[in-house]
Amino acid sequence: MYDTTTSIFAGMSTAALQAALANAQQAYLDLSTGAKGESYSYTQGDGAKSVTYTRANLGSLVALIKQLQVQLGVVTHGRRPIRFNFR
């Protein structure tokens, strides 16, 4: 179970989390469409951070977006795994 009090985002304000989510979602859209560059930065409680994403690691960006959504309570649980039945 995901615990918001011990996650990497614990201690961040809701406004900061929402801003980070919006930035990450925009970065995903920009990278997916090739609209913009691949380097982004944000400020967290312990200082400024810089992240560079490429199309090769869009999966990491999706994971960040999902974790931010769970932290904010937008999504309360992960997607269930896809299982195939071969009969």
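Predicted model, so just to flag it, every value in this text is computed and none were measured. Positions are given from 1 along the sequence.
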Q: Please name all residues satisfying side chain to side chain contact (heavy atoms under 4.5 Å, CB included) with Thr14, sequence neighbours left out, ordered by chain then number.
A: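 Scan of Thr14 (side chain to side chain contact (heavy atoms under 4.5 Å, CB included), adjacent residues dropped) gives Gln18, Leu72.
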Q: Could I get the full list of side chain to side chain contact (heavy atoms under 4.5 Å, CB included) partners for Gln71, not counting sequence neighbours?
A: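 Only Tyr2, Thr4, Ser7, Phe9, Leu17 meet the side chain to side chain contact (heavy atoms under 4.5 Å, CB included) criterion with Gln71.
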Q: Can you list the residues that meet the side chain to side chain contact (heavy atoms under 4.5 Å, CB included) rule with Phe84, with sequence neighbours excluded?
A: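 Partners of Phe84 by the side chain to side chain contact (heavy atoms under 4.5 Å, CB included) criterion, ordered by chain and then number, come out as Ile82, Phe86.
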Q: When hydrophobic residues are tied together by side-chain contacts of less than 4.5 Å, even through go-betweens, does Leu58 share a cluster with Leu68?
A: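 Yes, Leu58 and Leu68 fall within the same hydrophobic cluster.
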Q: Can you measure from OG1 (Thr6) to CG (Asp3) and round to the nearest 0.5 angstrom?
A: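 Between atom OG1 of Thr6 and atom CG of Asp3 there are 3.5 Å.
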Q: Is there a chain of hydrophobic side chains (I, L, V, M, F, W, Y, each step under 4.5 Å between heavy atoms) that links Leu64 to Leu29?
A: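 No, no single cluster joins them.
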Q: Distance check, rounded to the nearest 0.5 Å: Lys66 atom NZ versus Leu61 atom CG?
A: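 Between Lys66 NZ and Leu61 CG, I get 11.5 Å after rounding to 0.5 Å.
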Q: With rounding to the nearest 0.5 Å, note down the distance linking CD in Gln25 to CG in Leu21.
A: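 Between Gln25 CD and Leu21 CG, I get 4.0 Å after rounding to 0.5 Å.
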